[in-house]
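Atoms within each ligand, like the ligands themselves, are counted from 1 in listed order. For reference, positions follow the sequence shown, starting with 1. As the structure is a computational prediction, the values presented were derived from the model and not from experiment. All heavy atoms count here, side chains included; hydrogens, waters and symmetry mates do not.
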Amino acid sequence: MRIEPASPAAVRDAAEALKKGDLVVIPTETVYGLACNALDPKAVQKVFDAKGRPSENPLIVHIAGFEQLEDVAESWPHLAEQLAERFWPGPLTLVLPRKSIVPKITTAGLDTVAVRVPSHPVALSVITVAGVPIAAPSANIFMGLSPTSAEDVDPAIAERAVLVIDGGRCEVGLESTVVDLSGEHPRILRPGGVTRAQIQAVVGRPLGHLPPPSVKGGPGMYPRHYAPNAKVVIVERINGEDPGLTFQEPRTSEQIKMPDDPRAYGANLYRALKRLDQQGLTAIYVENPPSHPDWEAVHDRLKKASAD
Ligand code: TXA
Ligand code: MG
């Protein structure tokens with residue numbers, strides 16, 4: 001395992017490794033991804049193995065631009081073009097009918113494929129130079145916190161990759177918004193870097209919510225996810241010197257003051273949880289953010305991090 005600063009040489013090495021069927025960790029604007037050639041079933045299997053990810057949880061396929069959508073998706077509604085026009089490259093993933101060239105292991109046997117164009121220049125260059133679509137789940141062990149910097153990539157993941165490219169801190173810090181366009185009505189399957197309001201502004205009407213987590217077969221909708229080792233407890237106000245994330249002035253080194261803007265909060269959330277988790281705490285208390293809809297992705301991650 002090698003960690004290298006982003007450079008044209010590192011991008012070339014990563015692209016070569018991907019073409020050979022090896023894994024690399026790449027920065028994206030959302031979180032770091034454990035990348036492989038999305039069309040190579042053996043490489044995709046390595047990603048599932050490295051993460052300890054259940055085979056029923058499909059991967060996102062990353063392409064370099066809308067022009068490549070036809071390489072992986074069989075068809076798409078006009079709405080896909082409108083959303084791509086507005087949000088690509090960026091933190092939006094579209095679920096569309098799968099083209100048969102995409103192996104079933106990549107999509108966990110589904111006839112749909114999740115696709116996005118990342119905006120991080122390193123991710124875009126790696127995809128372009130490799131010349132293949134890149135499957136990349138977040139570079140964390142299944143259910144753990146997603147890394148938002150190269151140093152936060154779990155060593156157990158990094159050692160499965162031939163190269164980790166350090167592209168700095170992720171600007172968004174939460175995963176992409178996943179929108180299902182494969183059915184009759186568009187649905188948000190996972191809130192993320194693009195808000196519901198931004199998507200609804202393009203769609204022109206309110207969108208359906210994801211099905212309740214008890215519905216089996218909803219890919220990736222595990223109640224517990226994005227979780228540190230410590231127990232996460234959501235509270236209205238942190239009590240005294242309890243460790244955790246607060247909107248007030250911190251009273252100890254085990255309290256971190258979080259921004260009161262949802263984007264800035266999202267960009268810092270995983271990092272802050274990770275820093276506290278590294279102190280070996282048994283519990284991390286998190287002050288409940290405002291209930292405004294722009295906090296939907298933050299609430300989603302906090303809910304999953306605090307689930308049993
Ligand atoms: O921001 C992101 O999306 C990051 C970066 C690396 O691009 N990737 C990421 O991948 O978060 P992952 O594997 O951690 O999450 C992918 C999510 C899961 O919730 C999965 O169930 C869903 O996308 N997904 C993938 N393919 C799908 C499909 N065909 N239908 C429904 N959901 C799908
Ligand atoms: Mg993930």
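Contact annotation: for R53 versus ligand 1, heavy atoms closer than 4.0 Å belong to the side chain alone. Under 4.0 angstrom from ligand 1, the non-hydrogen atoms of R190 all belong to its side chain. Under 4.0 Å from ligand 1, not a single heavy atom of D180 appears. Contact annotation for T112 and ligand 1: heavy atoms of both the backbone and the side chain come within less than 4.0 Å of the ligand.
Crowding of K104 atom NZ: a count of heavy atoms from other residues, nucleotides or ligands under 6.0 Å exceeding 12. More than 12 heavy atoms of other residues, nucleotides or ligands sit less than 6.0 Å from atom CZ of R275. Under a cut-off of 6.0 angstrom, the local environment of CD in E70 is sparse, with at most 12 non-hydrogen atoms contributed by other residues, nucleotides or ligands. I141 CD1: more than 12 foreign heavy atoms inside a 6.0 Å radius. Residue K99 places its NZ atom among more than 12 non-hydrogen atoms of other residues, nucleotides or ligands, all under 6.0 Å distant.
Residues I60 and E175 fail the side-chain proximity criterion, which asks for heavy atoms closer than 4.5 Å.
Formation of a donor-acceptor pair under 3.5 Å by the R196 side chain with backbone atoms of A297 is not found in this model. Looking only at distances, a side-chain donor or acceptor of Q68 sits under 3.5 Å from a matching main-chain atom of A64. Counting only distance, with no hydrogens or angles, the side chain of K274 and the backbone of D152 share a donor-acceptor pair below 3.5 Å.
Residue S176 approaches ligand 1 through these ligand atoms, each under 4.0 Å from one of its heavy atoms: 1 (O), 2 (C), 3 (O). Annotation for ligand 1: atoms under 4.0 Å from non-hydrogen atoms of N57 are 18 (C), 20 (C), 21 (O). Near H62, with a cut-off below 4.0 Å to any heavy atom, the atoms of ligand 1 are 5 (C), 7 (O). Residue I60 has at least one heavy-atom neighbour below 4.0 Å for each of these atoms of ligand 1: 3 (O), 9 (C), 10 (O), 16 (C), 23 (O). When each atom of ligand 1 is checked for a heavy atom of L189 under 4.0 Å away, the hits are 31 (C), 32 (N). The distance from ligand 1 to the heavy atoms of L110 drops below 4.0 Å at these ligand atoms: 28 (C), 29 (N), 30 (N).
Applying side chain to side chain contact (heavy atoms under 4.5 Å, CB included) to L96 and the options T112, L69, V179 leaves one that passes, L69.
At least one heavy atom of A136 lies less than 4.0 angstrom from ligand 1. At a 4.0 Å cut-off, not a single heavy atom of T107 sits close enough to ligand 1 to count as contact.
Backbone and side-chain nitrogen or oxygen atoms of T30 are examined, and one is located within less than 3.5 angstrom of a nitrogen or oxygen of ligand 1. Between E175 and ligand 1, no pair of N/O atoms sits closer than 3.5 Å. Inclusion of T28 in the set of residues having an N or O under 3.5 Å from an N or O of ligand 1 is not warranted. The shortest N or O to N or O distance between R116 and ligand 1 is under 3.5 Å.
Side-chain rings of Y32 and Y270 stay apart, their centers remaining 6.0 Å or farther from each other.
Taking 2.8 Å as the threshold, S146 does not count as a candidate ligand of the Mg ion (ligand 2), since none of its N, O or S atoms lies below it.
For the residues P97, P58, S146, the heavy atom positioned nearest atom 25 (C) of ligand 1 is part of P58.
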